[in-house]
Amino acid sequence: MIKHSQIKKACFIATVVALSFFFHTKVESQVIKRAEFAELKQYNAKYNNIVSLEDKGLIYYAFCNKETKVRLDHYSPDLVKVKSETFQIERNMGILFSTVSGDSCYVFMRGGNKDFTILVSDAITHQSKKVKGLLPARTYIRSFDALGSFCYFMGNVGNKDVLFQIDLSNGRVKEVPVKIENFRSGDVVPQDIQIVGDQLFLFSKVYHNRTDSEIYLTKFDKKGKLLSTANISKGIREKIVSLKAELINDRLIIGGSYTKSKGNYTNGVFLANIEGVDIKNPEFYNITDLPSFALGYSHRVQKMLDRKKRRSENKDKELLLKASSKTHPPVKSKSGCYLVTEFYTPVYNKKGQIVSFMTSHAVVIKFDNNGKLVWDGSIKIDVESGVLRRYVRVSEADNEELTLAMGYGSIITYRTFSSTGEVVKEGYVDLTEVDGVKARRTSSLITPSANGDFFVFGEQLLKNKGKVRFIEQISVKN
């Protein structure tokens, strides 16, 4: 455990770096390109969004108001519309997921109890196809991803968690069996799926009894064939709560959150290598030892955390905060990698039921090639939503600068870190003026573009045009 005296200097440096954390400077955004949709009234405001394929452009999708057609627009990287397509769909369909794999975008829709439709769009050929099929009855889908000619999703059927495969050539759905050593199927609980390179990763929690469990990584090829299974928490006393993986410099890196207390709270973050079936060089860091973690909260909360830490150290104990978090996949760097974690707090009603989530801030940690912490920084979020999701978008520039940006309402907040942890740019972009015309933005979402820029998608009310939807490519480099 890192002592309070050992991080005094680090806290002071982080405090100086973050003095402007709560006092953003308004900056002039550099709008590189802009596209507008004049035929707004024809499309449903609930189901429309953009999917960025970065240097290959983007795809805009939207439901018609009668919700029996979906429109797909293909855009080049400089926001020139290349092609527009319309697909007939069943009534009562809703878009649940969209994802990117290789050069293709996948939009997953579901209607009724069993019906589903997937639209697959190729960003190179600008060709799209529609795939229809039936899900098992009473299937609740938790996560969705795609790999080549197949889609995969985590589903809950009754009380059973199952990994499913969808064959995009015919729409057939089948269960992918997950057999781990001699454990019973009821003891293996799939947690999350992720596409890494050309393989499907499945992270499962395997229970030895009601309280003791371990995390296993199962790898599949493009067609769902089992490649390997590994216990990636073997020999670790910390309990892994969540994790993400990435291939970085020919090494498989995993990062996420862990706990030493009961439940699935986050006590800290970790980074490790996977070599074959073994976990190597795991490094665990208590969140209370990260100066930027406390800086994401109010001064009152910071003082409270400082008092708790001092009391714990005086008793020669480790302070274990019960935080909640969502982790991003590790981000490649020439001299190591970055790990970004967003922290949130459930909001309860008077009956003790969770009604929403308050996402407070995100912490970024720079690790060297040996998995050692080099520096940490943070960005304020302060968004309350009924849906728990990742708000921060991460864009890494060629010069090793890392930008964290968050779009909500009419404001884009961003902070750019150098490879040594210095905040080289920060501020917010107010999107309420377009070409000198005042506008009221009702929504805005951001997604990474190419070269460290961002695509902004939203809706606004312009005095000279009325209500429009728009896409802008914005740079925060200058």
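Only this structure's heavy atoms are used, side chains among them; waters, hydrogens and symmetry mates stay out.
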Flag for S257-S242: side-chain donor and acceptor within less than 3.5 Å: yes
Residue that, paired with L404, satisfies side-chain contact (heavy atoms from CB on, under 4.5 Å) out of Y338, Y391, F417: F417
Atom pair SG/CZ of C151 and F164 - distance to nearest 0.5 Å: 14.5 Å
Partners meeting side chain to side chain donor-acceptor pair (under 3.5 Å) with S261 (sequence neighbours left out): T259, N267
Parallel, tilted or perpendicular, as decided by the 30° and 60° cut-offs, for the rings of F150 and Y152: tilted
Residues D115, T117; criterion side chain to side chain donor-acceptor pair (under 3.5 Å); working and verdict: CA-CA 7 Å; D115 297 337; T117 297; over 6 Å; no
Side-chain donor-acceptor contact under 3.5 Å, N286 with D289: no
Between D221 and Q199, a side-chain donor and acceptor under 3.5 Å: no
Ionic contact status for R469 with E459, cut-off 4.0 Å: yes
Of all pairs that satisfy salt bridge (Lys or Arg N to Asp or Glu O under 4.0 Å), the ones with a partner from residues 262-282, not counting sequence neighbours: none
Sequence neighbours excluded - salt bridge (Lys or Arg N to Asp or Glu O under 4.0 Å) pairs with any residue from residues 185-204: R184-D187, D192-K244
Listed partners of A123 passing side chain to side chain contact (heavy atoms under 4.5 Å, CB included), at least two apart: L53, K56
Qualifying ring-ring contact (aromatic ring centres under 6.0 Å, His included) pairs, either residue in residues 232-255, two or more places apart: none
Non-hydrogen atoms of A245 and V196 that approach each other most closely: O-CG2, 4.0 Å
Sequence neighbours excluded - ring-ring contact (aromatic ring centres under 6.0 Å, His included) pairs with any residue from residues 166-197: F183-H208
Verdict with supporting geometry, K160 and E175, salt bridge (Lys or Arg N to Asp or Glu O under 4.0 Å): CA-CA 12 Å; K160 184 181 179 182; E175 180 180 342; 3.6 Å; yes
Within 6.0 angstrom of K308 NZ, more than 12 heavy atoms from elsewhere: no
Which atom of L271 lies closest to which atom of G371, heavy atoms considered: CD2-CA, 4.1 Å
Partner set under side chain to side chain contact (heavy atoms under 4.5 Å, CB included) for I141, not counting sequence neighbours: F97, F108, R110, L135, T139, F153
Atom pair NE2/CD1 of H126 and I124 - distance to nearest 0.5 Å: 7.0 Å
For the student: nearest non-hydrogen atoms of S333 and K366, plus distance: OG-CE, 3.6 Å
Within residues 117-126 or reaching into it, pairs that qualify as salt bridge (Lys or Arg N to Asp or Glu O under 4.0 Å) - sequence neighbours excluded: none
Smallest separation among heavy atoms of K332 and N249, with atom names: CE-OD1, 3.3 Å
Partner set under side chain to side chain contact (heavy atoms under 4.5 Å, CB included) for S76, not counting sequence neighbours: D78, V80, V82
F293 and F343 aromatic ring geometry - parallel, tilted or perpendicular at 30°/60° bounds: perpendicular
Test item: side-chain donor near acceptor, E384 and S356, under 3.5 Å: yes
side-chain contact (heavy atoms from CB on, under 4.5 Å) between F201 and K219, intermediate numbers included: CA-CA 5 Å; F201 283 17; K219 298 180 184 179; 3.7 Å; yes
Atom of A294, atom of L305 and distance for their closest heavy-atom approach: CB-CD1, 4.1 Å
Pairwise side chain to side chain donor-acceptor pair (under 3.5 Å) hits with a residue in residues 128-138, at least two apart: H74-S128, E85-S128, E90-K132, S121-S128
Selection residues 225-267 - residue pairs positive for ring-ring contact (aromatic ring centres under 6.0 Å, His included), sequence neighbours left out: Y258-F284
Qualifying salt bridge (Lys or Arg N to Asp or Glu O under 4.0 Å) pairs with a residue from residues 140-157, counting only residues at least two apart or across chains: R142-D161
Closest non-hydrogen atom pair between Y60 and A62, with its separation: OH-CB, 3.4 Å
N231-S233 side chain donor-acceptor pair, cut-off 3.5 Å: yes
Verdict with supporting geometry, F357 and T345, side-chain contact (heavy atoms from CB on, under 4.5 Å): CA-CA 6 Å; F357 301 91; T345 303; over 6 Å; no
From F455 atom CZ to I474 atom CD1, the distance as rounded to the nearest 0.5 Å: 11.0 Å
Distance-only polar pair, side chains of Y207 and E214, donor-acceptor under 3.5 Å: no
